[in-house]
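Take a look at the structure set out below.
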Amino acid sequence: MHWPALIYHSCYSELQLPPNHRYPIGKYRALYQALQQAGVPQSCFTAALPATEQQLALVHQTDYIDSLQQGHIDAKAMRRIGFPWSPELYRRSLQSVGGTIKTAQLAMAQGLALHLSGGYHHAFAGEGSGFCLFNDLAIAAKVLQQQGVDKILIFDCDVHQGDGTALIFQTDRQIITASLHGDKNFPARKQQSDWDLALPNATDDGAYLEAVQQSLDYLLALHQPDLVLYDAGVDIHQNDDLGLLHISTEAVLARDSYVVNSCRDRQIALAAVIGGGYQRDLTALTAVHLQLFKAAFDSRHLPHQIDQVLALSAVSSA
């Protein structure tokens, strides 16, 4: 069978955070291990090179990059980001940005690639926010634009608006920003994407899937992008601690399948990142993130194996 490229690095889950920190740093390793258990061969996984400072500077101000690299960023700015500064945090951020760049490059070469990280869409040119230091989606889009990709659609389905991405590309007509997000959720101050759809609290499966399908169909027909960067955030889930929507696991799979198949049918390259997800139960959170990979694998057997892994995990954690 044909396997899509999967991009992962062990450092994604190797960040020491304070006890009870809100960010589920272990989810990346848990997702990687679950895919291994489901039978995904090791040869599918690629570790990208970390992003260079020159690549960061395509989007971010050099004084901001320097302040993070050297650790002299002020405490208020780090509180806005939500992490304590450390050399490991900076290195992890470069690795994750590099992973999204590699995902986009492999998608252009192979049609589909998935990153077991990414979606740091709250980072602006000169400041970070909401657990985001550098905007990997924006940097990847700029790198691919420099490499000759004509038109790129950033299709962001995280429950939180991609405000940093929207502002960064406010005047770029070749990089289209689209965000389907919770209206009453973070960030309090929204930016203007090329396409924004703000969903009310408690939006259910039917209304959500209709919004995704109509938005994507319209955007693909209007812009005819060469590449779609897809933020498959699962903080839309009904059990997510930060979500406020009522979306089931089945609807997450239906959303991801629709995005994958819509791009595949139109022969548009698709690079997906896993985005946000904030259940404290890593087993439950991993189960929702796995829906993207079920949607992407063009085999009936592997999704069944993934379901078996999830069932065993549920029993062991009960």
Side-chain angles (χ1 to χ4, degrees), residues 8 12-38 81-83 92 96 114-122 129-132 156-162 179-187 199-205 208-209 212 230-257 259 272-296 303 306-318:
Y8 172 74
Y12 294 164
S13 284
E14 291 175 351
L15 183 64
Q16 292 296 317
L17 295 176
N20 301 315
H21 193 278
R22 191 64 209 77
Y23 196 81
I25 196 68
K27 73 176 185 176
Y28 307 101
R29 180 182 291 117
L31 181 57
Y32 171 67
Q33 292 172 341
L35 289 168
Q36 286 186 311
Q37 285 182 273
I81 290 171
F83 290 129
R92 178 191 178 276
S96 192
L114 302 98
H115 190 195
L116 277 69
S117 181
Y120 300 106
H121 57 179
H122 299 308
S129 175
F131 305 134
C132 304
D156 192 335
C157 289
D158 194 279
V159 82
H160 306 109
Q161 193 211 27
S179 181
L180 283 69
H181 52 266
D183 185 27
K184 302 302 182 184
N185 213 317
F186 178 89
L199 303 164
N201 289 357
T203 294
D204 62 13
D205 288 355
Y208 181 74
L209 291 175
V212 170
Y230 173 43
D231 186 337
V234 302
D235 37 17
I236 61 167
H237 193 267
Q238 59 196 4
N239 295 333
D240 197 90
D241 295 349
L242 304 182
L244 305 179
L245 304 186
H246 286 174
I247 310 303
S248 68
T249 303
E250 292 76 17
V252 172
L253 176 59
R255 177 199 69 177
D256 294 344
S257 296
V259 175
V273 302
I274 66 168
Y278 300 96
Q279 294 187 56
R280 290 190 184 274
D281 182 338
L282 278 186
T283 299
L285 177 56
T286 301
V288 189
H289 275 304
L290 276 168
Q291 304 311 307
L292 171 64
F293 299 85
K294 289 175 67 175
I306 289 177
D307 288 335
Q308 288 181 319
V309 169
L310 294 178
L312 288 171
S313 297
V315 170
S316 65
S317 65

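K27 is listed as a side-chain neighbour of L285, based on a closest heavy-atom distance under 4.5 Å. Between D205 and S248, the closest side-chain pair of non-hydrogen atoms falls below 4.5 Å. For the pair V212 and L180, the minimum side-chain heavy-atom distance is below 4.5 Å. Between Y230 and V273, the closest side-chain pair of non-hydrogen atoms is not below 4.5 Å. The closest side-chain heavy-atom distance from F293 to D256 is not below 4.5 Å. The shortest side-chain heavy-atom distance between L242 and D235 does not fall under the 4.5 Å cut-off. Within the 4.5 Å cutoff, no side-chain heavy atoms of D158 are placed close to those of H181.
Residue pairs meeting the salt bridge (charged side-chain N to carboxylate O under 4.0 Å, His left out) criterion with at least one partner in residues 239-250, sequence neighbours excluded, are R22-D241.
Classification of the F83-Y23 ring pair by plane angle, with boundaries at 30° and 60°, yields perpendicular.
Between the side chain of S257 and the main chain of A295, no donor-acceptor pair closer than 3.5 Å is present.
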*Would you check, one step at a time, whether the test side chain to side chain contact (heavy atoms under 4.5 Å, CB included) holds for L253 with K294?*
CA-CA 8 Å; L253 176 59; K294 289 175 67 175; 4.0 Å; yes
*Go through T203 and H246 one step at a time and tell me if the side chain to side chain contact (heavy atoms under 4.5 Å, CB included) criterion holds.*
CA-CA 6 Å; T203 294; H246 286 174; over 6 Å; no
*May I have the step-by-step check of side chain to side chain contact (heavy atoms under 4.5 Å, CB included) for I274 and V234, ending in yes or no?*
CA-CA 8 Å; I274 66 168; V234 302; over 6 Å; no
_CA sep, side-chain torsions, deciding dist, call: N239, Q279, side chain to side chain contact (heavy atoms under 4.5 Å, CB included)_ = CA-CA 7 Å; N239 295 333; Q279 294 187 56; 3.8 Å; yes
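Under the side chain to side chain contact (heavy atoms under 4.5 Å, CB included) test applied with L244, the options N201, L199, V159 reduce to a single match, N201.
A donor-acceptor contact closer than 3.5 angstrom links the side chains of T249 and H237. Between the side chains of Y208 and R255, at least one donor N or O sits under 3.5 Å from an acceptor N or O. A donor-acceptor contact under 3.5 angstrom links the side chains of D156 and H121, judged on distance only.
Heavy-atom minimum distance, Y8 versus R29: OH-CA, 3.5 Å. Minimum heavy-atom separation, S117 to S96: OG-OG, 2.7 Å. For the residue pair I236 and G233, the shortest heavy atom distance occurs at CG1-O, 4.1 Å. Nearest heavy-atom pair across T286 and A30 is OG1-CB, 3.4 Å. In terms of heavy atoms, L209 sits closest to A254 at CD1-CB, 3.9 Å. Minimum heavy-atom separation, G243 to N185: O-ND2, 3.0 Å.
The side chain to side chain contact (heavy atoms under 4.5 Å, CB included) test applied to F186 returns H122, S129, H160, not counting sequence neighbours.
Y32 has its ring centre no less than 6.0 Å from the ring centre of Y28.
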